[in-house]
Structures are given as C-alpha cells and as structure tokens.
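Written out below as structure tokens is the structure these notes cover.
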Number of protein chains: 4
Amino acid sequence: MTSTVAGPPRSPGRPRSARADEAIIDAVLDLLAEGNTVEALSIEAIAARAGVGKATIYRRWSGKESLLADAIRTLKGPTPEPAGESVREDLITLLTVVARKGDERALKIMPCIMPEVNRSPEQYRIWQEVISPRREKMREVLRRGIRTGELRADLDVELTLLLLTGPVVMQRTMRWHPGLDDTTLPARVVDAVLAGISAR
Amino acid sequence: MTSTVAGPPRSPGRPRSARADEAIIDAVLDLLAEGNTVEALSIEAIAARAGVGKATIYRRWSGKESLLADAIRTLKGPTPEPAGESVREDLITLLTVVARKGDERALKIMPCIMPEVNRSPEQYRIWQEVISPRREKMREVLRRGIRTGELRADLDVELTLLLLTGPVVMQRTMRWHPGLDDTTLPARVVDAVLAGISAR
Amino acid sequence: MTSTVAGPPRSPGRPRSARADEAIIDAVLDLLAEGNTVEALSIEAIAARAGVGKATIYRRWSGKESLLADAIRTLKGPTPEPAGESVREDLITLLTVVARKGDERALKIMPCIMPEVNRSPEQYRIWQEVISPRREKMREVLRRGIRTGELRADLDVELTLLLLTGPVVMQRTMRWHPGLDDTTLPARVVDAVLAGISAR
Amino acid sequence: MTSTVAGPPRSPGRPRSARADEAIIDAVLDLLAEGNTVEALSIEAIAARAGVGKATIYRRWSGKESLLADAIRTLKGPTPEPAGESVREDLITLLTVVARKGDERALKIMPCIMPEVNRSPEQYRIWQEVISPRREKMREVLRRGIRTGELRADLDVELTLLLLTGPVVMQRTMRWHPGLDDTTLPARVVDAVLAGISAR
DNA sequence: CGTTAATCGAGACGGTACGTCCTGTCTTCGG
DNA sequence: CCGAAGACAGGACGTACCGTCTCGATTAACG
C-alpha cells in the first residue's frame, strides 16, 4: 500500500526553478543597490544579471511593477510583532524597518523604491497589499491605547496613522532633513506626536 | 538707420513663441490629468498634443524632469503669504495647496507628480528648488511661535516640519485614507500635532 | 535460458509509440495543407497539434529539416516503376507525382515544400536522398533510349535530365502559368523536349 | 520672384537618408554572401552590420520579405535588351543573369535566394513583380520567332517559357549537376530545346 | 510479480529575434 | 534663428520559438 490520501495537487511538467526565483530577486536588489535609481532597472538587465531568460521573468511576474513589489517584500522581512507592553514602544517597533537579516542593501534601496509606488494605479494596489499588514497592526495598537487610557478617548485612528507614518515615510523617501537620523527617527516622531508641540 | 537708442541685447533671428511654451505646459498637465499616471507621459505624446516639434521642447527644457518641474511650478501658483496672527492659522495656510486660479486639474495631478520627485538625484534637486520657499516660510512661522511662546521652547524645527508636511504630502500622494478629506486635512493635522495624542 | 535464437536487438524500457510517429507526421502535413506556407510551421505547433511533447519529436528527428523530409517521403509514396516499352511513356511516368493513396493534401503541400529544400546545405542533402532514386531511374531510361536509337546518340544525359525535371518542378513550385494543367504537364513537356521547338 | 511653377511635392521633415538605404542593402548582400544561407539573415544582424537602427529598416520595408526582394532587384541590374537578330541569341541573352557591374556577390547569393521565393504567398507576389519584365520580353521574342518562321507555328508560348526557364532556374537553385557550368548553361538549354532530343 | 529502464505528456529553462515604441539629436523647409 | 515635421542611432519592451532539461506517470521485457 502506497497512499490512499490525496497528495498535494502537483501540476504537470517541469516545476519552476527556485534557483531562478532567487537569482531574479537578487539581481533586482543588486541593481537597485548599485544604481540607486529605478530608471536604470530594465527587465533585460535583470535577466542578464540573473543569468536567466526574459521569459523566465515574465512567466512569474506580469511586469516590472509586480516584480519590484516582490523584491521589496523579500527585502523587508516579516512584519514585526509588537511586544504589547506600551503603546509608545509598539509604535516605534512598527515604524522601524526590519530588513531581512544580513541584507545591507535595504537602506540603500528603500528610498528609491518609494517613489515607484504611485506611478500607476496597479503599482499602488500591489504596494498597498505589501504594507497593509503592518498598517493593520498599528491600528490595533492605537485602539488598544484608547481602551487602556494611554491615548485620548476621542482619537481619530486613521488621522493618527497618517501622523505617524507620513513623517517617517517622507523622510525615508525625500531625505529632506539631513540632520534627522533614520534610526532614531521613529522614536522621535512617536514622542512628538504623543506629546504635541504646543507649550503647556 | 532705424533706431538710435541701445535696445535690449536682442538676439537675432525669429524669437521664441510664447504660444509654444503655453501649449507645451498645457499638454503636460492635460496628459497627466487624463492618464492619472506619469508612465504614459512621453515627450512624443506631449509634442503631438501641443502641436509642437520635439526639438521645440528640448530647446526649452533639458528633459522630462525639468519640464515636469516647470509644469508643477505653473500649476501651484505663488507661495501663499501667512497672515502672521496665529501659528495655527499660518501653518494651515502654508499646508494648503493654492492652485492656479481656475485650474481644476491640480488635485488630480498632484498625487501622480510626487512619486516622480525622487526617481533621480537631479529630479530631486529640481523639486527641492520648487518647494523650498514654502518650507522656509514654515520654518519662520515655527521659530516665531517659539519666540511668542505659542510653541515649546525646546522644539526641534526640522522634526516639526516633517511632522506637519509628511502626513499632508503622504495623504495627497497615497490617498490611503478615503475618509480624510483633503480640504480639511491641513487643519486637522495642525491641530493634532499642536495638541498631541496622549491622554492628559 | 529463454531463447536460443538471436532475437532482434531489442532495447529495454518502454518502446517508442507508433501512434506518436503517425500523429506527428500527420500534424506536419495538416499544418502545411492548412497554412500553405512553411513559415507557419513551428515545432511547438506540430507538437500541440499532434498532442505530443516536444521532446518526443526531437527524440525521433534532429530538427525541422529531417522531419520535413520524412513527411514528404511519406507523402510521396514509392518510386513508380516504368513499364520499359517506350522512352516517352517511361519519362512521363517518372515525371508524374504519385501521392500516397487517398491523401488529397499532396498537391497543396508540394509547392510549399520545394522552397525549403535549399535553405541550408544539410536540408539539401536530405532532399537529394529523397528524390535520388527517381532521378537515377530517369537516367537509366535516357541511356536505354540512346542504346535503342530512340534518342540521339550524342545526348547529354545530365542536361536532358535538367530539361525534363526543371520545367515540371518549376511549374509545381511557382505556379507561374495558370493555363498549364498539372496532370497533363509531364506529357507535354516530354513531347516538346523530344521534338524540339524549331520549325522544320 | 523665385518660382511660380509648382516644384516637386516635397514632403516636410527630414528626408530619408540615401546613405542608410545603401548601407542596408549592402549589409543584406554582404551577410548573404558570407553566410550562404538565408536563415542566418536577421533584421538585427542587418541593422548592426549597416550601422543603422532597426526602425530605419522598418520605416522603409514592411519585413524581411520585401527587403530581400529589393536587395535582389538591386543585385540583378536592369533587364537586358535583346539584340533582335536571332531568336537563339535573344533567348540566351534573356536567360543569362546580368549582375550589377562590379558585384561579385551575385553568383554566391542567387542560389540561396531562390528558395525563399515561395515561402509565403506575399513573398511570391513580390518576387513575381521582380522578374516579370524579363519574362514578358521572352514572350515577345518567342512570338516574334513564330512570325518570322524561326519557330513552329503551333508553338505554345507559355509551355516554351517553362521549358527554357525551368532548367536554368532549377540548376541555379539546386546545383544538382556539378558538370553543368552556369555560364554556358543558357546556350546549351536553348540549343537543346530548339533542336529536340529525338533521333532524326 | 516486482524491478528496471526508456518512453510518454507537459512545461520550464537559457537564448535569440521579432516588430513596436520612445529617447534625445539631426536635418530639412518655410516663416 | 525659430517653427513643424520627421528621420536618425540606440535601446527596452513583451512575445514567440528554438532545442534542452526535468518532472511524475506509463509501459514493456527481464529476472
């Protein structure tokens, strides 16, 4: 007797190469880290760098957009799990980018990815899907803060989400303020938003 | 002899057509408003729409980047002048986009311009130049608020700038929160940042 | 010991499917008859039409060239055997195409096969092998005619072979003269070449 | 006053470069002469060899087919003008290929062009157009021969055309008979067809 | 009767060429 | 000299096949 239970529904034909997947994603990240611009990122260059035919890319992704999205997904690593002790700590955790372990390319790449997000509605949709888990976790933390009394009872959750993520994303995207260090920024933004800027 | 007074150092040959300038800028804004995406914005399409030769565009701008910058500059209208009575009112004024009178395309175009800004260092430099006057005015308002005691004495001006502009730009770019109306957003952001979100 | 007589050198493993052979050849002929052009004949299309994997084709033939050659070989049927009574009759017999019984595709396919023959030296070699038996038989008939006195004693056999086959092949290939019926053509060519066109 | 008569209807814009035309045709002939096969003739290779963008080729020709036709047209030189003294001489003249002066590539290229002619109906149409003038002149010579009594009164002109051109084209295409020299072939074919091969 | 081994279908693989589109430059003519 | 028009070299796009390769599943003959 071999097996009476139905195994996984394996599709016929040669299975897709996991090596190719990795090589392609890696080529994307390499080229981004080298060029620091998305303009220099052509499918042909990716295929050449990955040692892969163009068709192998198009078999997996519909275009540059979704390929980029997956590359970033890979880069970002899993959504961090907030400790749940204080609202402040949890928000800082969720605002901090956790790159895939050992990937130094993350910080170089992030700023030049952001601008791509809104170039087309489709790209935007894909990107939303990528970051929505983290955003949902932030909403939960805010709601918990209201319940526990750490935050105002009349808080507008959506507005607050914008107050917290807007500055961090913008700084990451635009690098407008050279004096603001990226590693300490989440903490400073959270503290300022918690406290307000008015004099007492 | 036709003229004895020294005229302005007029170069010989046919002068540049002001009609062409307008037609080109208008074509850019039209195409952006129609397509809602910058990807579909090619120099060839702009030239065709404007009824203009490609060379006429390249004679005036170095490339798509600076053309876009000028188009936005035109769209935005002049930097608003804050009244100077209260920090709150002035910040709201400066965070509100004032479109060129009678141009309904502004709100449709803004979100799809933002992402272009950081695609290359050059484009970023141009964009900074466009918005730096407004940012400088905001700094002045913040410093005045510190002097008048309306704001905390230990306020980090650059961080606060980020706290105010980040959410507004992000919402304009990403349209993440459908419930947040764009016209009332600046006021709500300013109020929230002034007050903070912590329970008292 | 199971067998003392030396059986056929049967290789182990699953034997090749005769159904596949037929399906492939048939798919080739179908596609040729449908498309009336060799350009539309891709290995992938053949495999799909035959319901066969590409590897099954490449296991049997080295490429499109030899597959085509075999398809034609199948189509043509065996070399006809001249009766040997008169040179005229024998030449007409040898110039007439005898298609495999019941295959109406032959006449549609022939013209579009011819051009393929000379696309590469290899293809040419294969083709020569296909038609050489028939050509050799024609040479014999011509030599016999010289011996029997039916033909000139100083006849150049190779030149005459060209005089006879050239017009028939060309008409079949190019269809230049719509008035010349394909079924009566061999007889008319033979008669004209035998008699000459000069006035007496 | 410059000119009141309507000049040639010059189209606006930069005129097409004659240099490009020549370079492209020359590249085609070079690649054919080198490779001796049409399979190795890609548009990309032609563009590279000619130092020309692919678009410059597609602006002038609809595809490989019509480009090839023009290349051959150029190679062949003008249709020869028969002297009109004897049918024999005129036919030999018309059957002999006159290559463009000083172009040694002609003889290498001709054989590998022929097979292309019938790969598709469109290609066939183009080719017919290329050689129809020469064929029409041959018809005239044959009709004149009938009138002058040099040829049989009951001659079938179309059949005779086939008898003459078939062998020459076939030998040129297939190179089946190595002993038959291409330069003397037209004369030998004409003589044989004139005289017939039957014993007297 | 189970092992062995070549076949089958399916389809992914690294490539090459296709024909289209856009870039930024140039070359023509007319204003 | 500027204007439109449009050709130029170059290069990326996404598609279609090429001929090869890897899968799990058949299908015989051998042991």
Side-chain angles (χ1 to χ4, degrees), chain A residues 7 10-17 19-20 23 39-48 50-60 62-64, chain B residues 10-17 19-20 41-48 50-64, chain C residues 2-3 7 10-17 19-20 41-48 50-64, chain D residues 7 10-17 19-20 39-48 50-60 62-64:
Chain A
R10 180 78 154 60
S11 71
R14 176 174 176 175
R16 299 217 174 143
S17 155
R19 293 176 56 101
E39 294 208 283
L41 195 71
S42 67
I43 295 282
E44 303 216 322
I46 296 166
V52 141
K54 280 199 289 177
T56 301
I57 298 181
Y58 284 109
R59 211 173 281 124
R60 290 161 162 76
S62 64
K64 208 183 298 185
Chain B
R10 177 72 156 67
S11 65
R14 176 172 171 176
R16 290 198 180 164
S17 150
R19 289 177 55 100
L41 197 71
S42 66
I43 295 284
E44 300 217 324
I46 296 167
V52 143
K54 281 200 291 177
T56 302
I57 297 179
Y58 283 109
R59 208 173 283 123
R60 290 162 163 77
W61 293 278
S62 65
K64 207 185 296 187
Chain C
T2 52
S3 170
R10 180 73 157 71
S11 65
R14 175 175 176 175
R16 292 198 180 162
S17 153
R19 290 176 55 100
L41 196 72
S42 66
I43 294 283
E44 303 219 322
I46 295 167
V52 143
K54 282 200 291 177
T56 303
I57 298 181
Y58 283 109
R59 208 174 284 125
R60 290 161 163 77
W61 292 278
S62 65
K64 208 185 296 186
Chain D
R10 182 75 156 63
S11 72
R14 178 174 172 175
R16 300 220 172 136
S17 154
R19 291 176 56 104
E39 294 209 284
L41 195 71
S42 67
I43 295 282
E44 302 216 323
I46 295 167
V52 142
K54 280 200 290 179
T56 302
I57 297 181
Y58 284 109
R59 208 174 282 125
R60 293 163 160 76
S62 63
K64 209 185 295 185

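Chain A is the first sequence line, chain B the second, and so forth, proteins listed ahead of strands; every chain is numbered from 1.
- Taking the side chain of A:R16 as heavy atoms from C-beta on, and the options F:dC8, E:dA12, E:dG14, the nearest nucleotide is E:dA12.
- If you check every strand for non-hydrogen atoms under 4.0 Å, C:R19 touches nothing.
- Across the protein-nucleic acid pair, B:R14 atom CZ and F:dG3 atom C1' stand 4 Å apart, rounded to whole Å.
- The listed nucleotides are F:dA5, E:dC13, F:dG3; the one nearest the side chain of D:P12 is F:dA5.
- F:dC18 atom C1' lies 12 Å from atom CD1 of C:I46, rounded to whole Å.
- To the nearest 0.5 angstrom, D:K64 atom NZ is 6.0 Å from D:L41 atom CG.
- When each of A:G13 and D:P15 is assigned the nucleotide of DNA chain F with its nearest heavy atom, D:P15 is the one assigned upstream, toward the 5' end.
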Quiz item: When you check every protein heavy atom under 4.0 Å of nucleotides 15-22 of chain E, what one-letter string (B, S, -) results, 5' to 3'?
Solution: B-SBBB-S
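- Across the protein-nucleic acid pair, C:I57 atom CD1 and F:dC21 atom P stand 17 Å apart, rounded to whole Å.
- Taking each heavy atom of A:I57 and A:V52 in turn, the nearest pair found is CG1-CG1, 4.1 Å.
- Neither OP1 nor OP2 of F:dT22 sits under 4.0 Å from any side-chain N or O of A:S17.
- Applying the 4.0 Å criterion to OP1 and OP2 of E:dG14, one finds that A:T56 has a side-chain N or O inside that range.
- The shortest non-hydrogen separation linking D:G53 to D:A47 is C-CB, 4.3 Å.
- Atoms OG and CZ, from A:S17 and A:R60 in turn, are 6.0 Å apart once rounded to the nearest 0.5 Å.
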